[in-house]
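The block underneath contains the structure these notes are about, expressed in structure tokens.
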Amino acid sequence: MDIVEARPLTVYVQDLKLSEKSKNALLRCGIRTLNELVRWKGTGFSQIRGLGNSGVKEVQALIAHSEKIFDGFAERERRIQQIFPKVCGISVNELPVETRIRNILQRSDVHNVGDLIRLSGKDIADLPNMGSEARSQIEKLIEDIIENGESCITDWKTMESDERGEPSVKGFDFPLIDRLEAEYFFKSSDLADWFGLSRQRVHQIMKERPVKRVDCWTGKSLSGTEQSLLARLIQTKTFGLRFENGKCVCFNNKCDDFACIFVSGKEIKAFFLKDLPEHLQTQIKAARMHQLSGRNWLI
């Protein structure tokens with residue numbers, strides 16, 4: 001038997017380009033696949049509870065193009081079979097996603113990239129404790145792998161340190177940026193300066209979130225020089241400082257937490273209050289740097 005077993009082409013409702021409302025209405029009605037949808041013998045889609053007029057139009061347009069949709073999924077399946085032998089040995093631990101997502105995948109018997117690209121939309125929807133944002137991230141990741149094959153795997157690895165231990169090229173930590181924007185009054189427009197890009201390009205990257213630009217800013221070590229720079233900021237109660245190889249920028253949630261980011265030419269490091277040495281935590285709290293609303297930007 002081949003490495004990739006041939007299986008009947010089943011296109012699940014969760015894989016279709018329909019609104020979540022329409023998908024849920026079809027599933028509640030017992031329509032689980034495009035195959036069933038095309039063959040449906042009900043009294044009319046307008047009778048499906050919760051579908052609504054816009055949903056009926058969505059479904060009718062989809063059925064009108066069902067042949068092309070089947071062809072598209074058949075080509076996608078052929079592409080999966082083509083790249084499967086090249087990616088099946090890559091562990092999900094190498095995926096550019098949060099540890100929590102990797103753990104969920106492994107608990108669901110998704111141990112390598114080969115397992116991952118064979119997940120259907122239904123399989124992804126059935127993953128436990130996976131929010132909508134995480135599911136969307138997995139779906140984009142799968143499509144990137146299917147489209148680009150080994151090249152996107154290479155892109156992931158260029159984001160890591162090479163065998164000599166040299167810092168990797170800096171990338172975007174999208175979940176962390178979202179958190180900073182939501183809770184720490186950070187503006188993603190600042191990324192233009194950090195990466196030497198236009199604001200329009202930053203906006204595009206934040207919207208598309210390409211896998212090859214993914215990086216993780218946390219979990220890194222704070223050097224002695226960086227501790228000294230941060231201590232200087234705390235002493236002067238400023239939230240930004242340029243130094244020879246980059247800059248240090250700080251944020252807070254005006255309540256009980258503080259974030260410090262070091263930006264250099266090759267990497268970005270992020271530390272929250274709990275990540276810092278105890279003596280710096282004490283100094284930050286004493287200066288109320290985790291609560292101050294005013295900022296004296298020096299960058």
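Salt bridge status for Glu36 with Arg39: absent, with no side-chain N to carboxylate O gap under 4.0 Å.
Side chains of Asn93 and Gln106: a donor-acceptor N/O pair is present below 3.5 angstrom, by distance only. Remark: the Arg78 side chain and the Gln81 side chain contain no N/O donor-acceptor pair separated by less than 3.5 Å. Of the N and O atoms on the side chains of Ser19 and Ser22, at least one donor lies less than 3.5 Å from an acceptor on the other residue. Side chains of Thr236 and Thr238: a donor on one and an acceptor on the other come within 3.5 Å.
For Lys247 and Phe262, the positive end is not near the middle of the six-membered ring at less than 6.0 Å and at most 45° from its axis. Under the 6.0 Å distance and 45° angle rule, Arg118 counts as a cation-pi partner of Phe84.
Between the CD atom in Gln227 and the CG atom in Leu276 there is a gap of 8.5 Å [rounded to 0.5 Å]. In this structure, NZ in Lys269 is found 13.0 Å from SG in Cys216, a value given to the nearest 0.5 Å. Distance CG/Leu230 to CD/Gln235: 12.0 Å, rounded to 0.5 Å.
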Report task. Could you walk me through whether Lys140 and Glu208 pass salt bridge (charged side-chain N to carboxylate O under 4.0 Å, His left out), step by step? Result -> CA-CA 9 Å; Lys140 290 178 181 178; Glu208 296 178 356; over 6 Å; no
Decide side-chain contact (heavy atoms from CB on, under 4.5 Å) for Leu62 and Glu58; before the verdict, give the C-alpha distance in whole Å, the side-chain angles of both, and the deciding distance to 0.1 Å. CA-CA 6 Å; Leu62 186 142; Glu58 269 191 302; over 6 Å; no
task: Determine, stepwise, if the pair Leu116 / Leu95 fulfils side-chain contact (heavy atoms from CB on, under 4.5 Å).
output: CA-CA 10 Å; Leu116 181 73; Leu95 295 176; 4.0 Å; yes
Are Asp193 and Asp190 close enough, and set up right, to give a side-chain contact (heavy atoms from CB on, under 4.5 Å), and what steps lead you there? CA-CA 6 Å; Asp193 180 48; Asp190 292 340; 5.9 Å; no
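Between Phe172 and Phe195, the angle of the ring planes stays under 30°, which puts this pair in the parallel group of the 30/60° scheme. Between Phe239 and Phe258, the angle of the ring planes lies from 30° to 60°, which puts this pair in the tilted group.
The environment of CD in Glu75 is crowded: more than 12 heavy-atom neighbours from other residues, nucleotides or ligands sit within 6.0 Å. Surrounding CZ of Arg209 are more than 12 heavy atoms belonging to other residues, nucleotides or ligands, all under 6.0 Å away. No more than 12 heavy-atom neighbours from other residues, nucleotides or ligands sit within 6.0 angstrom of CD on Glu278.
Taking the six-membered ring for Trp and the full ring otherwise, the centers of Phe251 and Phe272 sit at least 6.0 Å from each other.
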